[in-house]
Trainee: 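Below are the C-alpha cells for one structure; questions will follow.
Whatever order the structure lists them in is the order used to number ligands and atoms, beginning at 1.
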Amino acid sequence: KKHGRQQSSLIPIMQSVQAECGFVSEFAMQYIADLIGISASEVLGVATFFHFINKKPKGKFIIRLSRDMSSIMKGAKSVARQLENDLGIRFGETTPDGMFTLEWTSCIGMNYQAPAMMVNNEVFSNLTPPRVHRVIEDCRQEFNARRPTVGNVGETYANTLNYTNHEINSGLQRAVSVSPSEVIAELTVSGLRGRGGAGFPTGIKWNLASKAKGDCKYIICNADEGEPGTFKDRIILGKYADMVFEGMTIAAYSIGAREGVVYLRWEYTHLKPHLEAVLEARRKSNLLGADILCQKGFCFDIRIHMGAGAYVCGEETALIESLEGRRGEPRNRPPYPAERGLHGQPTVVNNVETLATLSCIISRGAKWFSSMGTERSKGFKLFSVSGDCSRPGVYELPWGITVDQLLETVGGQGAKAVQIGGYTGQLVPARQFDRRLAYEDLGIGGSIIVYSAERDMLEVAENYLEFFVEESCGQCTTCRVGNQKLLEGIRLLQQGKCSNRYLNDLISLSETVKLASKCGLGQASPNVVIALNAHFKEEIMARPILGAA
Ligand code: SF4
C-alpha cells in the first residue's frame with residue numbers, strides 16, 4: 001500500500017517483500033505483477049537484473065566480502081579463506097542450518113579501510129582473519145549489536161577545508177535572493193563540471209532543463225557511487241548531507257523542479273536513517289516543502305530511493321530506467337535527461353559531490369571557485385585514494401596537481417602505477433607521473449588506486465575484467481561477449497601463453513569493444529588491456545609458461 005501500484009514502485013515493492021520474507025519468490029513476483037498490471041516475466045526480468053534482489057532463500061546473515069583490487073591487495077583472499085573455514089561453506093553457498101550465506105561483492109566504498117565486508121547492511125572494515133572469526137562468533141551469539149565502522153576517515157579530513165568551512169544554507173539563501181537565471185549564470189561562469197566522471201558543465205545542463213517544457217521537473221541526486229575505489233560520496237553523505245540537499249534545492253529553484261530523488265546505492269543502506277533525519281530537520285526549518293524560505297510558490301521536497309545493486313545504474317539514463325521500475329539498461333541519447341528524463345519530464349541528474357560543491361559556489365561566488373584549478377578544470381576536487389600508500393583516504397585538492405604531487409601527499413612514493421578514475425579510467429605508469437589531474441590531461445571521477453612495485457599487473461587486469469563481465473547489462477554484444485573474451489585472454493597471458501600476435505589480437509578486440517559499445521562501461525572496460533600492452537608489455541612477455549620445466 002505504501003508504495004502505490006505504478007511500475008515505478010516495482011523495485012521498492014520487491015525490496016519490502018524481501019525485507020519481510022528474505023527473498024522474492026516466484027509466487028510473490030506473480031502477485032506483484034498482477035498488482036502493478038505488468039507481466040510476471042517483466043518482474044522476473046527486473047529481479048534478475050539486480051544483484052541485491054534475492055530470488056531464493058538465503059541465510060539469516062548474508063556476508064558479502066568486497067573483491068575490489070584494494071581489498072585483494074590488503075588481504076581479502078586470506079580473509080575469504082578464514083570465512084570459508086569458519087563457516088564450512090564455499091562462496092556462493094549457504095550453511096545447512098540456514099544461518100549464513102557467503103558471497104563476493106564488488107566495491108562497497110570502504111577501500112581506504114580494506115579489506116571490508118558487509119554483514120546484511122552493516123559494514124566491517126580493516127578485516128584480518130582473527131577479526132572475521134570474531135564477527136562470525138558475534139553473529140552466532142545473535143549479532144551483539146555491533147556498530148558499523150563507516151565514516152572513520154581520521155586525519156585525511158584535514159584537507160577538506162572548503163566543505164567544513166561552508167556555512168550551511170548560505171548558498172540557498174543567496175540563490176533565492178536573486179532570479180533563477182542569475183543562479184544558473186553564476187554556476188556557468190564558475191566553470192563547475194559534473195563530479196561523477198563525465199565532467200559535463202553543470203551550468204549548461206541546468207540551462208537546458210530550465211528551458212525545457214514539462215509538467216513536472218525533477219532533480220535527481222546520483223548517489224549510486226559504484227566505481228571501484230571511490231568512497232568520497234559516501235563520506236559527503238555521512239558528514240555533509242545538508243550541503244547535498246541544499247544543492248538539490250538550489251537546483252530546484254533554478255530550473256523550476258518540485259520533486260527531488262536521492263538514488264542511494266544499496267550498499268549505503270546504513271546511511272538512510274541519517275539522511276531521512278536530515279531531510280526531516282530541513283522540512284521543519286522550512287528548507288523543504290511548501291513556500292521554502294518564505295518564497296511564495298517555491299515548493300520542493302526530496303525522497304530517497306534505494307538502488308538494488310547494479311554498477312551500470314551509475315549511468316544517468318540507466319538510473320532513470322531503474323527509477324521507473326525497469327531493468328537499469330542505458331537509453332539511447334539524445335534525448336538527454338535535461339530535456340526528457342524521469343517519466344518523460346525534464347530532469348537534472350547531478351552527482352553527490354557536484355551538488356555539495358555548488359552549494360559552496362553559490363555561497364561564495366563563481367570568482368572564488370574559478371580562481372582555483374586550471375583553464376578547463378576549475379576549482380577543487382575530492383579524490384578517494386586507496387591501495388599501496390601510507391595515508392589512504394579522501395583528499396580535497398585543486399585540479400591541476402601532478403600524479404607525483406598526489407603520491408607525495410598520500411604517502412605513495414615509489415609506486416609502479418596508479419589507476420586514475422577507477423576501473424574505467426587510466427592506468428598510468430611511473431614514467432608518466434608528471435601528468436596532471438585535470439580535464440586537459442587526466443579527467444577523473446575521483447577514484448585513485450596506487451600500485452607498488454611488487455604488484456602483478458595481470459592480476460590487476462583480471463580483477464578489472466571479472467568486474468566488467470559481472471556488471472555488463474548485456475545489451476551490446478561487444479560488451480557482453482567482448483569483455484568475456486578479454487578476460488579469457490588475460491588468463492592465458494597469466495599462464496605465460498603470450499606472443500606479439502596474440503597481444504595484437506587482444507588489442508584489436510579491445511578497440512572493437514570500445515568503439516561498438518553503447519555506454520561508458522563497454523567504451524572504457526578494455527582500457528586496462530590497452531594500458532598493459534602500452535606500458536607493461538615486457539613484464540607480460542617475460543612471464544614464465546605455467547607448467548614448463
Ligand atoms: Fe550494457 Fe555494456 Fe552496452 Fe553499456 S556497453 S549498454 S553496460 S552492454
Trainee: Side chains of residues 422-429: which donor-acceptor pairs under 3.5 Å do they make with residues two or more places apart or in other chains?
Mentor:
residue : atom : partner : partner atom : Å
Y423    : OH   : M69     : N            : 2.8
Y423    : OH   : N463    : OD1          : 2.6
T424    : OG1  : E227    : OE1          : 3.1

Trainee: Salt bridge or not for D441 and R436, using N-O below 4.0 Å?
Mentor: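 No salt bridge links D441 with R436.
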
Trainee: What number of protein N, O or S atoms occur at distances under 2.8 Å from atom 1 (Fe) of ligand 1?
Mentor: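 If we list every protein N, O or S atom nearer than 2.8 Å to atom 1 (Fe) of ligand 1, we get 1.
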
Trainee: When you check the side-chain N and O atoms of N527 and K514, is any donor under 3.5 Å from an acceptor?
Mentor: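 A donor-acceptor contact under 3.5 Å links the two side chains.
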
Trainee: Can you list the residues that meet the ring-ring contact (aromatic ring centres under 6.0 Å, His included) rule with F52, with sequence neighbours excluded?
Mentor: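 Applying ring-ring contact (aromatic ring centres under 6.0 Å, His included) to F52 gives W266.
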
Trainee: Kindly list each side-chain donor-acceptor pair under 3.5 angstrom involving residues 499-508, sequence neighbours excluded, with atom names and distances?
Mentor:
residue : atom : partner : partner atom : Å
S499    : OG   : Y502    : N            : 3.0
N500    : OD1  : K537    : NZ           : 3.1
N504    : ND2  : N500    : O            : 3.4

Trainee: Out of the candidates R326, E324, E42, only one should pair with Q7 under the side chain to side chain donor-acceptor pair (under 3.5 Å) rule; please name it.
Mentor: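 With Q7 as partner, side chain to side chain donor-acceptor pair (under 3.5 Å) holds for just one option, E42.
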
